[in-house]
Amino acid sequence: MLIGQGIDAHRFAPDRRLVLGGVSIPHDQGLAAHSDGDVVIHALCDALLGAAGRGDIGHHFPDQDAAYRDIDSRILLRRVMVSLTADGLAVHNADLTIAAQTPRLAPYIAAMRTCLAADLQCPPARVNVKATTTERMGFTGRGEGIAAFAVVLLDEQES
Ligand code: MG
């Protein structure tokens, strides 16, 4: 087995959709980013790439590249999975934590698990998503943005 971890954070910005874990969430602001700003998927991609020993998301999908402007982060996640699958790697499980003071994310957790599991090609039971506030401390607590943390285990398939 191979383990990887990933961390990402983005600032809130007006006139942006809020997309977390591939799910659109109604909110008065979204996250500033070159892509759609899905911090959950970005942290997850970094964890996957980390486990595979393949660097990081910025190396594979540079944010100076116009091709990735406002891109659906699920496309990036699926591309990461294509390269891992080609190397005989499969997701054993993933555990994700989102730090956000607002909005309340509990109603969207199940949808995120379903969505991410589809892209990770594993059962939703193997993709855990948690959300926490930081008790109004730090940049997430002050409502400046959202952070996400991911840990994954990959199985190496017998060839
Ligand atoms: Mg990011």
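All ligand and atom numbering here is 1-based and tracks the order in the structure.
- When D95, V91, N93, V152 are each tested for a side-chain contact (heavy atoms from CB on, under 4.5 Å) with R126, only one passes: N93.
- Taking the N/O/S atoms of H10 in turn, the shortest distance to the Mg ion (ligand 1) belongs to NE2.
- Side chain to side chain, S35 and H42 meet the donor-acceptor criterion of an N or O pair below 3.5 Å.
- The N, O or S atom of D8 with the smallest distance to the Mg ion (ligand 1) is OD2.
- Because the distance cut-off is set at 2.8 Å, D38 fails to qualify as a neighbour of the Mg ion (ligand 1), as none of its N, O or S atoms comes that close.
- L153 and L84 are assigned to two separate hydrophobic clusters, defined by single-linkage of ILVMFWY side chains at heavy-atom distances under 4.5 Å.
- Of the candidates L20, I25, L18, I25 is the only one forming a side-chain contact (heavy atoms from CB on, under 4.5 Å) with Y108.
- The Mg ion (ligand 1) lies closest to atom ND1 when only the N/O/S atoms of H42 are considered.
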